Q: 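Take a look at this one; I'll ask things after.
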Amino acid sequence: MEDVNPALGAFVQEAREILENLETMLLDLEGQPQPEQIDAVFRALHTIKGSGSMFGFGILARFTHHFEDAFDKVRDGLLSIDDRLIDLSLKARDHMSALLSCGGDCDEAEALEASTEAGRLLRSLSDIVSSTAADAPHPPAEASRERRWRIRFRPEASALRNGMRPDLLIAELAEMGRITISFTAGDLPALSDLDPATSHLCWIVELLTRQPLSEIEAVFIFADDAELNIADVTEQAQPAAKAAPAPRRPPEAAGENVRVAASKLDEIMDQLGELVIAQARLSQLATATSDPDLETMVEEVERLVTGLRDSTLSIRMLPIEMVFGKFRRVVRDLSAELGKDVALVTEGGETEVDKTVIDRLSEPLVHMIRNSMDHGIEGAQARLAAGKPAQGTVSLSARQEGGEILISIDDDGAGLDPEAIRAKAVERKLLSPEAQPAEEELFQLIFAPGFSTAKQLSSVSGRGVGMDAVRSTVDALRGSVDVQSRRGRGTRVTLRLPVTLAIVDGLLVRLGSSVFVIPLASVEECVEVDAAEQTRDSGRTMLCIREHLVPFLELDAVFAQAQSAEPRRRVVIVKADGQRLGLVVDDILGQNQTVIKSLSQYHRGVEGFAGATILGDGSVALIIDVASLARRALSQRHAQRTAA
Amino acid sequence: MTSDTIATRPAAASRREMVLIFRLMGEAFALSVSCVHEILDPIPPTVVPNAPTFAPALVNVRGAIVPLIDIRRRLDMPPAPADAASRLIVLELPVSGVPTRLAILCDAVEEVFEADTAALETVPSLGARWPEIYVKGVVRHTDDLVILLDTDTLFRPDG
């Protein structure tokens, strides 16, 4: 029942963010570490330690304590930063992240604590710490003198209900030095009125310690709402009255940002979708009644709805940097594992993308980076021989183009080998031996399920999953993948993804009496069907458009509807999985912007549809998913051939 | 006697359930009212090509896209066109654990009555052609037999 306690939820969330940042901070230390950067790492660890023990993450706090010790030495200049320390720190960070995921001091966390991996980490940490202890010249100046602090602490009335544990805070103070504790109970109500979950007490702790003020404050870092006074009473006999309020951490720009559950945004998006639909119906009605006053009003509403839609969509937008940031670690670890020196360059991290897209993108991007590093970038010897710098480069870039986000992964490696792909594809029966596909089509084959050209399996890639997973994710996001490659020069894989998943620009097409929506992003052009083509029943299903052969599908047949008797039909040429394909429909009705509603579990498995939408007249129209439709048609065709 | 009545009443009350009676081909069927969201005049459906036959279409229920479940197909009844008495019953119930809104078309909606589920009789094996798993049992109401349907199995997608 984690969500019952908002403060605990906030801690887990905050700790997760701190750990994410910690990874970046540690990687930043690799260059030329600045004292502030080291301080930042130390503070991050300290925060997790302190608040962790307060919220029942004792195991996490204990582990972090050792980690923090090491950085304490770094901060004091007793320990220098080297690769070994960064490696160890990154591993320790991962361990902390795992402990955090356990959700507190449960069996799982205990098992993790007892694991050999954890033991090794702790030993390495204590080795590092003790290696400096011997040659430690002197403790830092600030901590040299013992001071007496008087801490007056009154938790906010509801703090106990939120999971605050004053006893743990005091225990933490006790670790810092000698303490005497007293408390005032003046505010305590009569026993009959006492609510045990409300905090009425005020603690006064006298602490004799060498630790600086900032350390004491850090103990209370999560008790934001509490009344807190920390006063230095070293020289004084009766200090309480003169206690100065301790400088508090600024409340992290609370007025500027609001943390909102993603589900609430989804709800708003849903309601907005309905509003857009209702508005479309309204303007249809207004056009029918042709009342100028009403029409003016409808235009006004339309403007407002469009504005509201845009600002709601912008709330869901996050900079893609959030995904890019994770890859520094991936590249670092892989460089070590593969023994290749590879630098990661990112560009366009500020490009904003819908949260849903971001969430689903990170895995496919990892696959692609792994692939680039494993198969693309050559070993240092081969690179030098080819006249390239020994260090390989993988660059990740993002930019927006109209309603699409383009994300490219470039490497300066060996490039794809069309012949090797061809041979592999034939071997895997993905291609017939006689086929002579264009290079572009050949490259698309690397996304086919079970395709892998790695000569030897590594832990990194070559498991035959990966690139097909990339494509299915991209398909699910209604995007597409392009591959460009030059032998010896490198490979560029470009993902094209819609900026948002909630709204789609669609082409309305009619088939018999039903209307379907084809996402405009996949439409290339529309042509009319030749009368001769209509009557052809030889089995040929391709058109010749400007010298190019384009296969087509009759949608009435794919959808198992009665054969159309329309005299003049049209073909919508779409791009599916990098190939052109014609969809024969009865008519093209126009373009519109539609709000996508996902299908229920009864229809989610039906191939060929990405969702449904409500049209201006209130009827439901299905949104065609071109890629899955093409695949369905392909497997049908195969089935027919095998049957024949 | 008095103490006896008091003791048994709560137990008896807990076995009573409000059900909605509707007609399909002249038979009276019933569903618990707790899952009935609303009753509407038929809405023109949008057929989903290649969809499972028992969930052939979608309807727009006030801005929400709702799957239309063909329970005639479930009960092995022949299809029939809607007429003036036909109604759409919109239900909201968990399907495989997910709260789902769905609609069924019936020939007529009749009434809500308090069924005594303690008096539920099982249908004899040869008593009906409907697949047994979709039927909870039969209750008597006035002079009629009312067939209480099992919403758990009736709306399970993989059927």
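As a basis for the values below, the full set of heavy atoms in this structure was taken, side chains included, without hydrogen atoms, waters or symmetry mates. Please read these numbers as outputs of a predicted model, since none were measured by experiment. Below, chain A is the first sequence line, B the second, and so on; all start at residue 1.
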Q: Can you check whether anything in residues 88-95 of chain B gets within less than 4.5 Å of chain A, heavy-atom wise, and list it by number?
A: B:V95
Q: Relative to chain B, which segment of A:T613 carries a heavy atom at a distance below 4.5 Å: side chain, backbone, both, or neither?
A: backbone
Q: For B:R73, I'd like to know if atom CZ has over 12 heavy atoms of other residues, nucleotides or ligands within 6.0 Å.
A: no
Q: Who wins among A:A621, A:S513, A:A612 for the most heavy-atom pairs under 4.5 Å with chain B?
A: A:A612
Q: Any donor-acceptor pair under 3.5 Å linking the side chain of B:N60 with the backbone of A:V620?
A: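 Checking the backbone N and O of A:V620 against the side chain of B:N60, no donor-acceptor pair under 3.5 Å is found.
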Q: Any idea which of A:K597, A:E607, A:Q601 has the most non-hydrogen atom pairs under 4.5 angstrom with chain B?
A: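 Greatest number of close heavy-atom pairs with chain B: A:Q601.
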Q: Quick check against the 3.5 Å criterion: does A:H603 have a side-chain atom that pairs as donor or acceptor with the backbone of B:A55?
A: yes
Q: Do the non-hydrogen side-chain atoms of B:P49 and A:V606 ever get within less than 4.5 Å of each other?
A: no
Q: Please classify the contact of A:S600 with chain B as side chain, backbone, both or neither, using a heavy-atom distance under 4.5 Å.
A: side chain
Q: For B:N50 versus A:A560, what's the shortest heavy-atom pair and its separation?
A: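 Nearest heavy atoms, B:N50 then A:A560: OD1-CB, 4.1 Å.
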Q: Can you pull out the residues in residues 98-112 of chain B with any heavy atom less than 4.5 Å from chain A?
A: B:V98, B:T100, B:L102
Q: Under a 4.5 Å heavy-atom cut-off, does chain A meet the side chain of B:P67, its backbone, both or neither?
A: both
Q: Counting only heavy atoms closer than 4.5 Å, note whether B:I69 contacts chain A via side chain, backbone, both or neither.
A: side chain
Q: For A:L622 and B:L58: C-alpha separation, side-chain torsions, deciding distance, then whether side chain to side chain contact (heavy atoms under 4.5 Å, CB included) applies.
A: CA-CA 9 Å; A:L622 286 153; B:L58 300 170; 3.8 Å; yes
Q: Nearest heavy-atom pair of A:Y602 and B:F155: which atoms, and what distance?
A: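 Scanning both residues, the minimum pair turns out to be OH-O, 2.7 Å.
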